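Every number for a ligand or one of its atoms is a count from 1 in the order of the listing. Since we're looking at a predicted model, the values are computed, not measured. These values consider heavy atoms only, across backbone and side chains, with no hydrogens, waters or symmetry-generated copies.
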Amino acid sequence: MSKFFTSKYSALTPYKPGEQPRDKKYIKLNTNESPFPPSPRAIEAASEAAKSLQLYPDPTYRALHEAIAAYHGITPDEVLLTNGSDEILNFAFMAFCDKEHPAAFPNITYGFYSVFATLNHVPYTELPLNPDFTVNKADYMGTRDTLFIANPNAPTGLALSLDEIEEIVRSNPNRVVVVDEAYVDFGGDTAVPLIKQYDNLLVTRTFSKSRSMAGARLGYGVGSKELIRDLNTIKYSTNPYNVNSMSAAAGLGVMADEDYTVKNCAEIIRVREYTKAALKDLGFEMTDSLGNFLFVRHPRIKGEKIYKALRKRGILVRHFDSVLISAYNRITVGTMEEMKALVAAMADIVKE
Ligand code: PMP
C-alpha cells in the first residue's frame, strides 16, 4: 500500500478472479467460461465496429437495448447495458444500499457481493445456507435488507423456483431484490417477466457464459423504468461509455443468432449430465447443479488435493479457500472431450 492510498479503501480485500495461466496449455475448467467460440455473427459485427473506433459509442446503446428488450418481451427503458454483469451489480450496491439499506446474501455465493459491499461502505449480512446448500427462503422474507440472490447460485449450482423468488420479492416491497441470473440459461427459470409486476426487482444477466463472450465484458440489468433510471444516474456519473463499441456490436451479432446460443446451452447441459453420472460412478458427491459447472467433493480425498492432482495432469478447476466449502471443487463444464479427460484423470486420482 502506498502512503497515498486513502483510508477509505484500506480495509478492502479485492475479489480474486480465477487463474488465467499462461505457463502451459491447460484444460481450463476454472472460470465458467464457455468452451465454444463466440457466434460468427458476433465476431463479424465486432470486426466491422473496429473500423469506427475513432468514434465514441452511442452511450444509449439503443440498438442493443432494443434487441435485449425484444428478446425478453419488455421495453428498452427497462434495460441497462453494462461492462459485464459485475458492473450492474456494483451499480446496484451504489444505488440501492447504504447504512439504512444494508445488503444481505447467502454465506456461500458469488464472492464479489461482499467486495462490492465493502467498496461501497455498505454493511452486510451473510445468511447461512442449509447444510445441503439450499437457500432457507424464510431468511429472505420481509427483511430490511437489499437482497442479492444468485439464481442458480454459485458455486453450488442450486436454484430457487420462480414461485420462491416471487414470494421473496413480494415480501420485501420496500427493498430492492437483485436476482443474479448469470447461469440461468443452463436450466433455471428466469424472473424477468416479474419486473412488470414488482417495482423492487432487478434481474442481472451476462453475455459471458451462455453467449460465449466473457472477453467482451457485456452484461445488463432488467427492472422497472424507475430502477433503471436510478442505475442510469450512476452510469452517467461514472462512465457514460461503459461498453465499448466492438462489444456492443458483438452483442447485437449474438442476439441475432439465438439458435447458436440455444444449441450450445443444450450441449453444455448434455455434457454436464454425462459428467455428473460419470463422477458419481467414481464415488464423487455433488449438488444437482443447474449451472455450466459442477460442485464436487470426494468422501475420502481432500478438495485441495484433488485440485492439485488435476493441475498436475493439466486440468485446471476452481478450489475456494473458504473453510465452509474447502472439501469441494467447482468444475466448469467444457466440451465432451474435455470432460472425458477430466473423468479419466479423476479415475486415476481416486485409485492413488
Ligand atoms: N454473477 C455470478 C454468479 C458469476 O459467477 C459471475 C462470473 N464470475 C458474474 C456474476 C459476473 O460475470 P460477468 O461480469 O462476466 O458478467
Enquirer: Is it the case that Arg311 and Tyr307 place a side-chain donor and acceptor less than 3.5 Å from each other?
Expert: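 Arg311 vs Tyr307: donor-acceptor pair found between side chains.
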Enquirer: For Thr109 and Asn153, which I'm curious about, is there any donor-acceptor pair between the side chains at under 3.5 Å?
Expert: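 Yes, Asn153 and Thr109 have a side-chain donor paired with an acceptor closer than 3.5 Å.
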Enquirer: Which residue supplies the protein heavy atom nearest to atom 11 (C) of ligand 1, what is that atom called, and how far is it?
Expert: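 Here the nearest protein heavy atom works out to Asp86 OD1, 3.1 Å.
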Enquirer: Tell me: protein heavy atom nearest atom 3 (C) of ligand 1, and distance?
Expert: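 Closest protein heavy atom to atom 3 (C) of ligand 1: Asp180 OD2, 3.4 Å.
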Enquirer: Can we call the ring centroids of Phe293 and Tyr183 under 6.0 Å apart?
Expert: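 Yes, they do, as the ring centres are separated by less than 6.0 Å.
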Enquirer: Hey, does Arg217 sit under 4.0 Å from ligand 1 if you only count heavy atoms?
Expert: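 It does, in that a heavy atom of Arg217 comes within the 4.0 Å cut-off of ligand 1.
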Enquirer: Can you list every pair that meets ring-ring contact (aromatic ring centres under 6.0 Å, His included) and has a residue in residues 316-352, with sequence neighbours left out?
Expert: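 Residue pairs passing ring-ring contact (aromatic ring centres under 6.0 Å, His included), neighbours aside: Phe133-Tyr328, Phe295-Tyr328.
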Enquirer: In ligand 1, which numbered atoms sit nearer than 4.0 Å to a non-hydrogen atom of Ser208?
Expert: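 Answer for ligand 1: 13 (P), 15 (O), 16 (O).
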Enquirer: Are side-chain N/O atoms of Asn244 and Asn83 paired as donor and acceptor at under 3.5 Å?
Expert: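 Asn244 vs Asn83: no donor-acceptor pair found between side chains.
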Enquirer: Check whether the side chains of Glu33 and Thr31 place a donor and an acceptor atom closer than 3.5 Å, and report yes or no.
Expert: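 Present: a donor and an acceptor within the cut-off.
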Enquirer: Show the atoms of ligand 1 that are less than 4.0 angstrom away from any heavy atom in Thr206.
Expert: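 With Thr206 as reference, the close atoms of ligand 1 come out as 13 (P), 15 (O), 16 (O).
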Enquirer: Show the numbers, then the answer: is there a side chain to side chain donor-acceptor pair (under 3.5 Å) between Ser161 and Asp163?
Expert: CA-CA 5 Å; Ser161 72; Asp163 284 347; 5.1 Å; no
Enquirer: Checking a contact table here: which protein heavy atom is nearest atom 12 (O) of ligand 1, and how many Å away?
Expert: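 Atom 12 (O) of ligand 1 sits closest to the protein heavy atom Ser85 OG, 3.4 Å.
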Enquirer: For ligand 1, is Tyr183 a contact, meaning one of its heavy atoms is under 4.0 Å away?
Expert: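 Distance cut 4.0 Å: Tyr183 passes for ligand 1.
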Enquirer: Mark the output for Gly219 as yes if a heavy-atom distance to ligand 1 is under 4.0 Å, and as no if none is.
Expert: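 Gly219: no contact with ligand 1 (<4.0 Å).
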Enquirer: I need the atoms of ligand 1 closer than 4.0 Å to a non-hydrogen atom of Gly84, numbered in the order shown.
Expert: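 Checking each atom against Gly84, I get 14 (O), 16 (O).
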Enquirer: Measure centre to centre between the rings of Tyr110 and Phe148, then say whether the value is under 6.0 Å.
Expert: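 Aromatic pair excluded; centres sit 6.0 Å or further apart.
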Enquirer: Can you sort out which atoms of ligand 1 are near Lys209, meaning under 4.0 Å from one of its heavy atoms?
Expert: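 Contacts of ligand 1 toward Lys209, numbered from 1: 7 (C), 8 (N).
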Enquirer: Which residue supplies the protein heavy atom nearest to atom 6 (C) of ligand 1, what is that atom called, and how far is it?
Expert: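 The closest one turns out to be Tyr110 CZ, 3.5 Å.
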